[in-house]
4 protein chains.
Amino acid sequence: MTEWPRFNMAGGPVEVPDRTRRDLSKPVLYHYDPAFKELFGHTQELLKQVYRTEYDVIIMQGEAILGLEAAAAGLIAPGDKVLNLVSGVFGKWFQLFIDKFGGETIELAVPYNDAIDPEDVRKALHANPGVKYLSVVHSETPSGTHNPVKEIGAIAKEFGVITMVDTVSGLGAEVLSPEEWGMDIAIAGPQKCLSGTPGLSLISVSPAAWDAMEKHPNPVRGSFLSILDWKTAWLEGNRFPYTPSVSEMYALESTLTQNLEEGMEHVAWRHQTIAKAARAGAKALGFELWPVREEIAASCVTAVKVPDGFDEEKMRGLMRERYGVMISPGYGDLYGKLFRLGHMGVAAHPTYLAAQLAVLERSLHDMGQKVELGAGVGAAMAALDDWTSGGPT
Amino acid sequence: MTEWPRFNMAGGPVEVPDRTRRDLSKPVLYHYDPAFKELFGHTQELLKQVYRTEYDVIIMQGEAILGLEAAAAGLIAPGDKVLNLVSGVFGKWFQLFIDKFGGETIELAVPYNDAIDPEDVRKALHANPGVKYLSVVHSETPSGTHNPVKEIGAIAKEFGVITMVDTVSGLGAEVLSPEEWGMDIAIAGPQKCLSGTPGLSLISVSPAAWDAMEKHPNPVRGSFLSILDWKTAWLEGNRFPYTPSVSEMYALESTLTQNLEEGMEHVAWRHQTIAKAARAGAKALGFELWPVREEIAASCVTAVKVPDGFDEEKMRGLMRERYGVMISPGYGDLYGKLFRLGHMGVAAHPTYLAAQLAVLERSLHDMGQKVELGAGVGAAMAALDDWTSGGPT
Amino acid sequence: MTEWPRFNMAGGPVEVPDRTRRDLSKPVLYHYDPAFKELFGHTQELLKQVYRTEYDVIIMQGEAILGLEAAAAGLIAPGDKVLNLVSGVFGKWFQLFIDKFGGETIELAVPYNDAIDPEDVRKALHANPGVKYLSVVHSETPSGTHNPVKEIGAIAKEFGVITMVDTVSGLGAEVLSPEEWGMDIAIAGPQKCLSGTPGLSLISVSPAAWDAMEKHPNPVRGSFLSILDWKTAWLEGNRFPYTPSVSEMYALESTLTQNLEEGMEHVAWRHQTIAKAARAGAKALGFELWPVREEIAASCVTAVKVPDGFDEEKMRGLMRERYGVMISPGYGDLYGKLFRLGHMGVAAHPTYLAAQLAVLERSLHDMGQKVELGAGVGAAMAALDDWTSGGPT
Amino acid sequence: MTEWPRFNMAGGPVEVPDRTRRDLSKPVLYHYDPAFKELFGHTQELLKQVYRTEYDVIIMQGEAILGLEAAAAGLIAPGDKVLNLVSGVFGKWFQLFIDKFGGETIELAVPYNDAIDPEDVRKALHANPGVKYLSVVHSETPSGTHNPVKEIGAIAKEFGVITMVDTVSGLGAEVLSPEEWGMDIAIAGPQKCLSGTPGLSLISVSPAAWDAMEKHPNPVRGSFLSILDWKTAWLEGNRFPYTPSVSEMYALESTLTQNLEEGMEHVAWRHQTIAKAARAGAKALGFELWPVREEIAASCVTAVKVPDGFDEEKMRGLMRERYGVMISPGYGDLYGKLFRLGHMGVAAHPTYLAAQLAVLERSLHDMGQKVELGAGVGAAMAALDDWTSGGPT
């Protein structure tokens with residue numbers, strides 16, 4: 001049997017705190033047990049606090065790709081014009097959903113190491129009257145970049161455009177709010193910056209988005225993909241459209257509670273601070289960052305450019321097999337072009353970062369690369385002048 | 001906060017053994033960690049053993065309703081004739097999927113307290129040439145009845161009809177095999193007789209079913225609903241179409257292992273034996289069973305007719321609130337007409353049954369019903385002459 | 001490998017709630033970690049609340065026999081007169097400690113199915129001037145009886161006698177208080193009525209007892225047996241005399257918290273009520289109770305007399321092996337003379353009692369005994385007219 | 001509430017693997033349940049394998065200080081001559097036990113940063129005819145040193161002297177065997193190099209030691225301190241002398257299994273290799289090691305000399321409070337003179353070591369010390385040229 005890693009510092013699912021896993025293991029309740037219904041309702045309220053929203057929130061019972069497809073299915077009708085912002089693999093992927101549901105895609109794309117300029121969004125909306133929806137990925141995990149969603153959202157609102165925001169790895173990395181950021185439908189996952197388990201979609205829905213779903217010529221109902229089913233059944237009827245994943249809900253309640261106990265400001269600051277340190281570490285080892293400039297670097301993972309001729313598979317293999325540290329390669333088209341240091345949730349902490357960089361350095365050394373052992377760790381630690389404690393233990 | 005129950009003896013999700021919940025709480029791995037991929041593959045092999053099949057099996061990452069919708073979506077094309085066998089709420093519900101995907105339903109229905117007669121299936125297939133699919137619910141949890149799927153499957157095979165079998169609460173209640181029972185696509189859930197956690201669909205797919213999905217005029221691909229995505233990505237490409245629910249997979253591996261350790265024959269025998277005892281207990285208390293005859297009574301739950309004028313809500317409320325035992329009411333159209341004693345998984349054991357019946361009796365007494373305390377328990381225990389140990393602890 | 005039981009309804013260690021076991025599994029801290037010291041101190045405060053005392057409490061790091069020996073070792077000097085009250089195996093056993101530490105035993109004994117009469121204590125103290133200590137077992141688990149410690153304590157106080165009270169299975173079965181009950185040194189265990197894990201001694205110490213220990217001609221110090229070490233090191237110095245059992249302390253904090261959340265009155269009432277029902281159940285099956293009269297029957301276990309010629313080993317074997325229910329035989333001299341139904345902690349609940357009695361009945365039937373199945377359960381349930389919910393889940 | 005640390009890298013109790021803690025949380029069995037007795041017996045066999053012995057092993061139900069006191073109590077009679085080897089706090093402490101039980105101490109001492117020279121033992125035994133016992137601490141955790149027990153044991157055997165060996169933190173740090181090392185009574189703890197939970201004493205007893213205990217003029221019996229009770233009750237009678245700590249036994253079974261799965265050679269090699277790297281790291285930061293020469297440095301912790309005027313309390317406080325890493329100070333007389341890097345069990349791994357050193361460096365920097373961030377980590381990693389995977393995950 002393959003030995004398990006010491007540390008999971010991948011691009012998600014990430015390590016889950018012990019406390020959350022203990023809560024995950026609570027006795028399994030019948031979903032209509034009053035104690036479970038209470039827990040579900042309470043968790044929904046916690047999610048509102050994490051999202052800082054008064055909008056309805058929906059917890060769909062499948063990982064975030066379900067929420068993304070459900071949003072597209074629920075909103076996009078044949079012929080609807082969708083401005084799709086593409087700065088990475090996930091942005092591009094969203095077009096498949098637009099196509100599937102008959103939308104007409106207007107693409108605004110940048111290279112996968114860059115971020116969308118809000119002014120280009122304004123121009124695109126000017127140039128394309130009749131755009132109904134705008135889709136954007138807040139945090140492009142595969143590229144290690146993030147887009148200025150707050151600014152983009154404001155522009156969309158000027159044009160009366162409904163936004164669909166993939167903030168799967170964005171929630172927790174920045175303090176955000178659907179209302180303030182102009183996010184009509186936002187989809188997040190527990191298994192990224194929140195340090196939870198995979199298996200759920202965390203969705204916030206604005207009144208405009210509900211309205212659009214209900215006025216859809218062929219509303220999605222009676223389906224695992226239906227967000228409206230959750231509105232009718234659960235929000236309005238206190239029934240479940242189908243059996244929820246009971247244990248995952250225990251974990252989510254725990255996850256949200258812990259993030260709120262820490263405070264979303266600290267959670268976000270912690271991710272940003274460790275990301276900055278990770279970049280310092282990578283650069284000190286002579287690597288180039290994948291993002292064209294640091295301001296657009298994500299806080300969930302640090303994408304590092306693979307130097308010409310460098311065997312990054314071998315490096316990751318050594319890190320994982322010899323030293324027990326799992327990190328992520330590039331995803332999809334980016335495979336082989338970059339690798340990613342992970343620092344989400346529990347791992348957004350100096351200890352994890354130091355362990356990760358030390359093992360990276362040591363693996364480079366094992367490969368015969370010229371590396372000053374300790375240089376990356378030292379640079380990262382030097383970037384932590386204002387570190388304060390807090391976060392999942 | 002609402003007090004939690006002592007025992008969950010509902011219609012599912014059911015109680016999950018301590019061992020499974022400990023396994024559920026293992027550290028969360030990145031889904032592309034070699035240890036996780038190995039575990040996923042191993043779990044798939046275990047599922048084949050539980051299903052006693054050489055067919056491909058697919059583990060979809062959402063509760064069984066996802067598998068059912070996915071099967072319908074993947075197979076049924078507009079105009080396809082589907083013989084839908086209806087003996088309960090779930091059988092009737094399936095028509096919604098047939099409708100959604102453009103199928104033409106031919107319904108063969110019996111009252112919701114009865115089971116399908118295989119000969120009626122033969123007649124229906126004779127009378128309706130061109131039927132492409134047959135859909136049937138093996139174990140109608142809401143009615144506490146089961147259909148003779150083995151006989152029905154044999155007839156379908158005579159006619160070259162592809163079968164879609166909802167065996168969500170059937171797997172584990174009988175020793176079955178897709179090949180021997182003529183099940184082209186079978187969907188089960190871990191959270192019923194297997195005593196696992198909800199959140200996954202356990203699907204077996206025959207070559208004929210794969211063929212039909214691939215020849216569908218508009219194959220479902222690039223969707224959370226796609227079974228084909230799992231074939232292409234995972235079975236053929238060793239990649240995941242999306243992020244699996246890592247923790248649920250730990251629980252599933254544990255659940256399947258425990259069922260195989262016990263032996264599927266013993267698992268099935270245990271459910272059948274306790275169900276027989278539960279019926280004896282209910283009858284001894286003067287209740288009538290909901291199914292028209294005992295041979296069609298399910299082994300997952302025992303559906304009991306609500307006597308005229310009897311306040312079954314109050315009874316269940318007392319059982320749950322005063323004595324900590326959660327049982328299920330009727331579901332959908334059957335609400336108020338029956339209640340259900342639960343005996344799946346862990347609860348398919350004399351101790352659980354005795355506790356449940358004792359609390360039922362005591363609650364009846366509290367309501368002012370005339371009841372001989374101990375009569376139900378005694379009759380149930382009397383039905384256990386050949387009891388042998390074994391099963392989840 | 002031997003199959004594990006479904007239910008542990010023995011004389012202790014008893015079943016431990018899921019919540020406690022989750023807490024037990026928290027990450028192990030260094031004992032001088034500030035978080036652990038805080039937890040230790042907090043747990044001590046909780047213990048004071050459970051004991052309803054302002055006296056010092058000491059948590060020794062070994063099961064209650066350690067606390068009992070430590071009390072004897074710390075108090076009894078050669079030549080000290082000890083009035084030892086004997087109503088069972090544990091009472092008699094204590095004399096070994098008196099002997100070991102050089103005390104002079106004055107025994108006041110009753111048969112092992114009876115309880116001490118406080119007036120006999122008064123007489124004994126009159127008849128034996130110069131008695132320094134009185135030792136008594138509050139709840140004689142082996143006999144299923146309890147002694148009137150409150151009355152005995154009051155008399156001891158009249159005579160200025162220092163009391164040593166074994167309330168290992170008494171704490172939780174009655175609402176008690178060292179001050180009000182005249183208990184100078186009381187020793188309890190978490191693994192009985194409190195439903196915790198074995199491995200710790202819960203001790204309360206009056207000023208008089210401290211004084212006696214300190215004035216002992218040869219005070220016990222520098223030993224695992226020393227209570228004074230804990231006073232000096234921990235209470236006065238905030239250091240540990242040796243490494244505490246970190247995980248057991250997590251479990252204890254959880255155990256005490258849960259008992260306080262339920263309320264000690266309800267905990268005690270629950271034990272007493274279920275014990276009464278257990279006696280009704282046993283009698284309805286034609287058994288005689290072991291205690292000479294019900295008023296002295298303990299609330300922790302129900303001791304049942306073994307009828308002449310009855311193979312109680314076989315009965316317990318069937319209960320455990322075939323039906324997964326573990327109960328206790330007689331202990332020491334009482335082996336073969338009685339068996340004990342267990343109803344402590346989690347098991348002090350109608351569901352557990354019903355399961356236990358149903359399995360008892362069924363096992364009798366399997367042995368060829370004439371038994372009306374359900375009679376015991378029914379009688380027990382009939383005794384629960386005023387049952388209210390609450391207690392560990 | 002005090003925030004918990006991320007990593008416990010103290011001198012023990014140490015971090016316990018997730019797997020062990022899951023096993024710890026299994027349902028609590030009655031100690032006379034056949035499944036528990038089987039587990040206890042099995043665990044004893046595992047302990048023999050870990051100890052590599054055919055001697056009897058005894059698992060006492062209290063942390064190792066209990067085993068040490070029990071050994072002294074069981075063996076030493078008034079007037080017995082004991083050669084006590086003292087190279088640190090724990091060696092010195094043992095004299096208290098010799099005194100308590102009336103032995104006559106002959107001390108062979110070296111400074112607390114040095115180790116015993118076997119030739120001095122030979123000289124002492126020559127010079128002191130009639131020595132009956134030799135006591136020695138294998139691994140002096142407070143000093144971070146170890147003694148050459150194998151050589152010392154061989155000399156003792158030449159003189160017919162019975163040895164008492166404190167190998168609490170030695171078992172696992174070296175591959176040892178009581179027979180080959182001449183250890184008559186050896187006492188280890190699970191909570192050190194084996195990475196288990198505190199609360200048990202792991203004792204191996206040679207026939208000569210049994211003989212001495214039985215021939216003791218006043219054998220210890222009927223006491224929590226009695227090793228003979230365990231022989232009579234458990235080894236010979238299959239009964240327990242008192243209630244064992246059930247959950248701790250689950251943890252121990254798991255701990256021993258995991259160490260054997262890894263292989264004791266690898267366990268020992270892992271500790272030695274990481275200890276070497278830790279020393280390299282500390283030296284690279286300009287610290288001096290506490291032991292006078294590296295050959296005597298222990299593998300459980302690395303003791304580092306506190307430079308003159310350096311505020312080591314402040315440093316540890318920063319490490320713990322700001323960065324979540326708990327390490328140990330000096331103990332007893334050594335407080336303030338040294339601090340200790342911990343690397344036992346789980347923490348004997350490059351990741352943990354890197355995290356620890358990085359946080360140490362950063363804390364020094366925070367204190368205004370001149371430190372090249374990364375230097376210690378780099379030097380430690382450089383010392384891991386032959387690292388191989390394996391060990392607890």
Side-chain angles (χ1 to χ4, degrees), chain C residues 1-5 8-16 18 21-22 24-35 37-39 42 61-66 69-70 96-97 100 189 191 197-200 222-225 241-248 251 320-321 326-329 342, chain D residues 1-5 8-16 18 21-22 24-35 37-39 42 61-66 69-70 96-97 100 189 191 197-200 222-225 241-248 251 320-321 326-329 342:
Chain C
M1 217 181 67
T2 302
E3 197 181 334
W4 281 38
N8 169 8
M9 294 196 262
V14 302
E15 281 216 358
V16 170
D18 204 89
R21 294 189 285 113
R22 288 196 307 274
L24 176 66
S25 74
K26 287 182 185 175
V28 172
L29 292 172
Y30 179 49
H31 54 314
Y32 283 117
D33 190 288
K37 290 181 77 174
E38 182 176 282
L39 180 143
H42 175 61
Q61 306 291 306
E63 76 105 350
I65 193 77
L66 172 64
E69 184 176 358
L96 296 175
F97 289 146
K100 176 186 292 283
Q191 79 277 18
T197 59
L200 299 172
S223 171
F224 206 74
L225 289 179
Y242 51 82
T243 306
S245 299
V246 173
S247 306
E248 299 296 342
R320 170 65 179 82
E321 284 149 39
M326 184 74 204
I327 67 166
S328 289
Chain D
M1 216 181 65
T2 301
E3 196 181 335
W4 281 37
N8 168 8
M9 293 196 262
V14 302
E15 281 216 358
V16 170
D18 204 89
R21 294 189 286 112
R22 287 196 307 274
L24 176 67
S25 74
K26 287 182 184 175
V28 172
L29 292 172
Y30 179 50
H31 54 313
Y32 283 116
D33 191 288
K37 289 181 76 173
E38 183 176 283
L39 180 143
H42 175 61
Q61 306 291 306
E63 78 103 351
I65 191 79
L66 171 64
E69 184 176 358
L96 296 176
F97 289 145
K100 175 186 295 282
Q191 79 278 20
T197 58
L200 299 172
S223 170
F224 205 76
L225 289 179
Y242 51 83
T243 306
S245 299
V246 173
S247 306
E248 299 297 341
R320 170 64 179 84
E321 284 150 38
M326 184 75 204
I327 67 167
S328 289

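Below, chains carry the letters A, B, ... as their sequence lines are ordered, and counting in each starts from 1.
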Scored by heavy-atom pairs under 4.5 Å with chain D, the best of C:Glu15, C:Glu3, C:Arg320 is C:Arg320
Counting only heavy atoms closer than 4.5 Å, note whether D:Lys26 contacts chain C via side chain, backbone, both or neither.
-> both
Nearest heavy-atom approach of C:Pro198 to D:Thr243 is CB-CG2, 4.1 Å
Go through the steps to decide whether D:Thr2 and C:Lys37 satisfy the test side chain to side chain contact (heavy atoms under 4.5 Å, CB included), and finish with yes or no.
-> CA-CA 10 Å; D:Thr2 301; C:Lys37 290 181 77 174; over 6 Å; no
Quick one: are D:Pro5 and C:Asp33 in side-chain contact, heavy atoms under 4.5 Å?
-> yes
Looking at D:His42, D:Gln61, D:Arg22, D:Met1, which has the largest count of heavy-atom pairs under 4.5 Å with chain C?
-> D:Met1
Contact part of D:Glu38 toward chain C, heavy-atom cut-off under 4.5 Å: side chain, backbone, both or neither?
-> side chain
C:Leu96 portion near chain D, given a 4.5 angstrom heavy-atom threshold | neither
Report yes or no: does D:Glu69 contribute a side-chain atom to a donor-acceptor pair with the main-chain N or O of C:Phe224 at less than 3.5 Å?
-> yes
Closest non-hydrogen atom pair between D:Met326 and C:Pro34, with its separation = SD-CD, 4.1 Å
Heavy-atom pair of closest approach, residues D:Pro13 and C:Leu29 = CB-O, 3.8 Å
Find the distance between CG (C:Leu200) and OG (D:Ser245) and round it off to the nearest 0.5 Å.
-> 7.5 Å
Max heavy-atom pair count under 4.5 Å with chain C, selected residue of D:Gly199, D:Ala35, D:Gly11, D:Pro241 = D:Ala35
C:Pro27 vs D:Asn8 side-chain heavy atoms within contact, under 4.5 Å | no
D:Pro329 and C:Tyr30: which non-hydrogen atoms are nearest, and at how many Å?
-> CD-OH, 4.1 Å
Between CD on residue D:Gln191 and NE2 on residue C:His31, distance to nearest 0.5 Å = 9.0 Å
Most chain D-contacting option - heavy-atom pairs closer than 4.5 Å, from C:Gly222, C:Ala251, C:Ala70, C:Gly62 = C:Gly222
Can you name the closest pair of heavy atoms from C:Val28 and D:Arg21 and give their distance?
-> N-CD, 4.3 Å
Determine the minimum heavy-atom distance between C:Lys100 and D:Ser223, stating which atoms define it.
-> NZ-CB, 3.8 Å
Identify which part of D:Leu66 has an atom lying under 4.5 Å from any heavy atom of chain C, answering side chain, backbone, both or neither.
-> both
Chain C heavy atoms under 4.5 Å from D:Glu248: which part of the residue, side chain, backbone, both or neither?
-> both
Sort D:Glu321 into side chain, backbone, both or neither according to what part of it lies under 4.5 angstrom from a heavy atom of chain C.
-> neither
Is it the side chain or the backbone of D:Met9 that comes within 4.5 Å of chain C heavy atoms, both, or neither?
-> neither
